[in-house]
Amino acid sequence: MQWIQSQTTTGRISTIENGADPREPRQPGKWDIRSLLSNAEVVAALGSGLLMLIAWLTSQWSEPLSVVLYVISYAVGGWVKAKEGVETLLKERDLDVNLLMIAAAMGAAAIGYWNEGAMLIFIFALSGALESYTMERSRKDISSLMELQPETALRIEKGEMVSVSINKLEIGDLILVKPGELIPADGKIYRGSSSVNQASITGESVPIDKSVGDEVFTGTLNGEGVLYIEVTQSAESTLFAKIIKLVEEAENEVPESQRFIKRFESIYARVVVIATVALIVLATPVLGWDWDTTFYKAMVFLVVASPCALVSSIMPAMLSAISNRARKGVLFKGGAHIENMARTAVVAFDKTGTLTLGTPVVTDFIAGEGWERHELLGISASIERMSKHPLALAIVQSAEKEGAALKQVENGQSITGWGMQAEVGGITWKIGKSDILDHPTIDQHSGAASAQKELSALEENRQHWLSIRNMLESEGKTVSVILKGDRIAGMIALQDAVRPQAAMAVKRLQQLGIKVAMLTGDRKATADVIAKQSGVDMVFSDLLPEDKVTHIKELRARYGHVVMVGDGVNDAPALATATVGIGMGVSGSGTALEVADAVLMNDNIDEIAGTVKVARRVQRIVKQNMIFAITVILTLIAANFIQGVALPLPLGVIGHEGSTILVILNGLRLLRTNR
């Protein structure tokens, strides 16, 4: 193993030799000055402001030079917005706020207010740059995991290690991951053990011990052990590929309120232009104003009436919320779904894999009279080891956990629709469904069963085990019987374990005034037990996929907006029917993630309540922004037309553009991850 040791040492050094570990996460919610200054729009806006200041100082001794500097300031700060406005005008034959503000700045310059026009450009460019930065920050927070994906992997081919692109990995390939390296593919550990830091995927702060058979994910960090991993997902099907798709969808999805504002902006811009032209043409003959007063008030009106603050009231807040939730492992496919989350009245959970872990565990192992528990458990696990059924795997894991000795098994076979059969020490054993207890007498092939006394004893034995089974099933457990020959030797009860955070997640939702429902295909007894343990308000059991859709529709009709949380293919129709569908990122099926509007990357359902709170906070901030923006616009317009009062253009610029920056900064408060 010397070749492994020598190579793993160099692999570990390569991950830390350049100072701080690039995988170390940022402190959430804090402004990153370097990334802010790397934004081209921010640099252009600051450059415009600097040139404006220099031009103002220069005007004290050289007016022509200051005008030249002002013109450069206009060009530097207004180029991006002017380009956007012209493109909208030419391509869509429409007016937008960008063109209005450039026109207002040019109008200010036309009446000699060069500094005010430059200030208008500077503040407008800065507000636009802050909005762009918010969008970029949101995109980075969502897609930061992608930067963790290695480009190559060490594939084992005929005993040799070959470095290949991760895109060339196929399901079933065996790859080697050295200590300190990032895992390049989703897979299961074939050989070796190590601690794996999964913080980038699941948010768990403590590395998780992994051994043979455990699942690992692309982009997680291997600890001190050497791992041989069997690839289980192609590159395009990994968790990273799903994240990339989520990011693309998030960038294109716009909330309904923002779509309304965009339509409103177009109409409003035309109204402002028409009103400005009408003011210039009619003010002198109708109101008796002189030309200078008319043109001045028209330019002030053009500045203060533009809907910059109103337009910026929504998206910065939405994008900040998306960024906030991304750092908590909740990825949204767009702001529209954040908007809908704020109106949540009911959260409906699928049971298996959502409120529960989706993997059964042995809860009761009952040995019959004359049998030692560990011995019988070892025999049972020895037989079930040949099966891949989840119940069989749970029995094997229970035996391994308790240290039960396994036996040599012969002639093992599956009994379709019932269970397993095998020979241990020349004796036939069967493990399977307990429905055989429902018959008046257990199927006996022994001739001795004809004796009345033995028949009575058999029936008494059946009734004994039947009562035990009924008690276990009333607790929502799945029961299997262990048969030695034709006689019952023991009984095993299994149950899907409730997620540790399920009860708290449900309680936190209820504290927000939200009803919680559970939808499941399991029978009523099992559903009722899980419902009691988790504390849900409503339980719907024995459901087919189409039944789940029906119940989601009924809940929407009765309560309003419904969030559905699910992980399986059978949940996809209900996820699509709900107001917001949330998929489980780790355990969820590809179909469920495709249909879902948001994804819990760490399967932590406790984050749903926090997400609703953030969504409601977004709603409040958007309302605050819109009321504030409209109030400022109306106040400035009124002040401009009060008889005998001339609103100073500098005050109009500061009031209008200052309000724009304030609403953007108000939205940026959501970048903080505090709930």
Side-chain angles (χ1 to χ4, degrees), residues 202 237 239 242-243 245-246 249 325 329-334 337 340-341 344-360 390 496-503 505-506 508-509 514-523 526-527 530-531 533-556 559 561-612 615:
T202 66
S237 300
L239 208 52
K242 295 169 187 173
I243 293 171
K245 189 168 184 178
L246 284 172
E249 291 172 344
R325 293 294 86 197
V330 186
L331 299 190
F332 277 90
K333 295 182 180 179
H337 311 304
N340 288 330
M341 281 290 289
T344 301
V346 177
V347 174
F349 287 96
D350 169 53
K351 181 186 77 69
T352 306
T354 305
L355 283 176
T356 66
L357 294 172
T359 52
D496 189 3
V498 176
R499 287 184 181 275
Q501 71 271 39
V506 170
R508 290 186 63 212
L509 287 167
I514 295 172
K515 296 284 187 181
V516 182
M518 184 178 76
L519 309 178
T520 178
D522 279 352
R523 53 200 176 84
T526 301
I530 301 300
Q533 293 177 3
S534 58
V536 300
D537 300 301
M538 297 172 277
V539 184
F540 305 99
S541 56
D542 298 302
L543 303 180
L544 296 172
E546 56 266 32
D547 298 325
K548 291 184 179 181
V549 171
T550 300
H551 282 292
I552 291 293
K553 289 180 178 178
E554 290 175 353
L555 289 171
R556 291 192 66 173
Y559 294 102
H561 292 268
V562 176
V563 171
M564 172 69 190
V565 188
D567 71 322
V569 174
N570 63 329
D571 297 322
L575 289 170
T577 304
T579 311
V580 178
I582 300 179
M584 306 291 277
V586 177
S587 60
S589 68
T591 304
L593 296 182
E594 180 79 20
V595 172
D597 303 310
V599 175
L600 296 173
M601 296 308 299
N602 53 10
D603 282 4
N604 186 4
I605 58 177
D606 194 34
E607 288 295 338
I608 297 173
T611 301
V612 172

Inset, instruction - Can you see which heavy atom on Gly566 is nearest to which on Asp350, and at what distance? - result: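 The pair with the smallest heavy-atom distance is CA-CB, 4.0 Å.
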
Between atom [atom1] of [X] and atom [atom2] of [Y], what is the distance when rounded to the nearest 0.5 Å?
X      : Y      : atom1 : atom2 : answer
Leu555 : Met538 : CG    : CE    : 5.5 Å
Thr356 : Met518 : OG1   : CE    : 9.0 Å
His551 : Thr577 : NE2   : OG1   : 13.0 Å
Met584 : Asp603 : CE    : CG    : 4.0 Å
Ile552 : Leu519 : CD1   : CG    : 5.0 Å
Phe349 : Asp567 : CZ    : CG    : 12.0 Å

Legend entry - Electrostatic pair Asp606-Arg499, nearest N-O below 4.0 angstrom: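 Salt bridge absent between Asp606 and Arg499.
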
Inset, instruction - Take Phe540 and Thr550, measure what side chain to side chain contact (heavy atoms under 4.5 Å, CB included) needs, and give me the verdict at the end. - result: CA-CA 11 Å; Phe540 305 99; Thr550 300; over 6 Å; no

Legend entry - Sidechain-backbone polar pair: Thr579 side chain, Val563 backbone, donor-acceptor under 3.5 Å: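 Flag not set: sc Thr579 to bb Val563 has no pair under 3.5 Å.
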
Legend entry - ring-ring contact (aromatic ring centres under 6.0 Å, His included) partners of His561, counting only residues at least two apart: none

Legend entry - With Leu355, the side chain to side chain contact (heavy atoms under 4.5 Å, CB included) member among Val536, Val498, Val565: Val536

Inset, instruction - Mind checking side chain to side chain contact (heavy atoms under 4.5 Å, CB included) for Ala609 and listing every partner two or more places apart, or none if nothing turns up? - result: Arg508, Leu509, Leu512

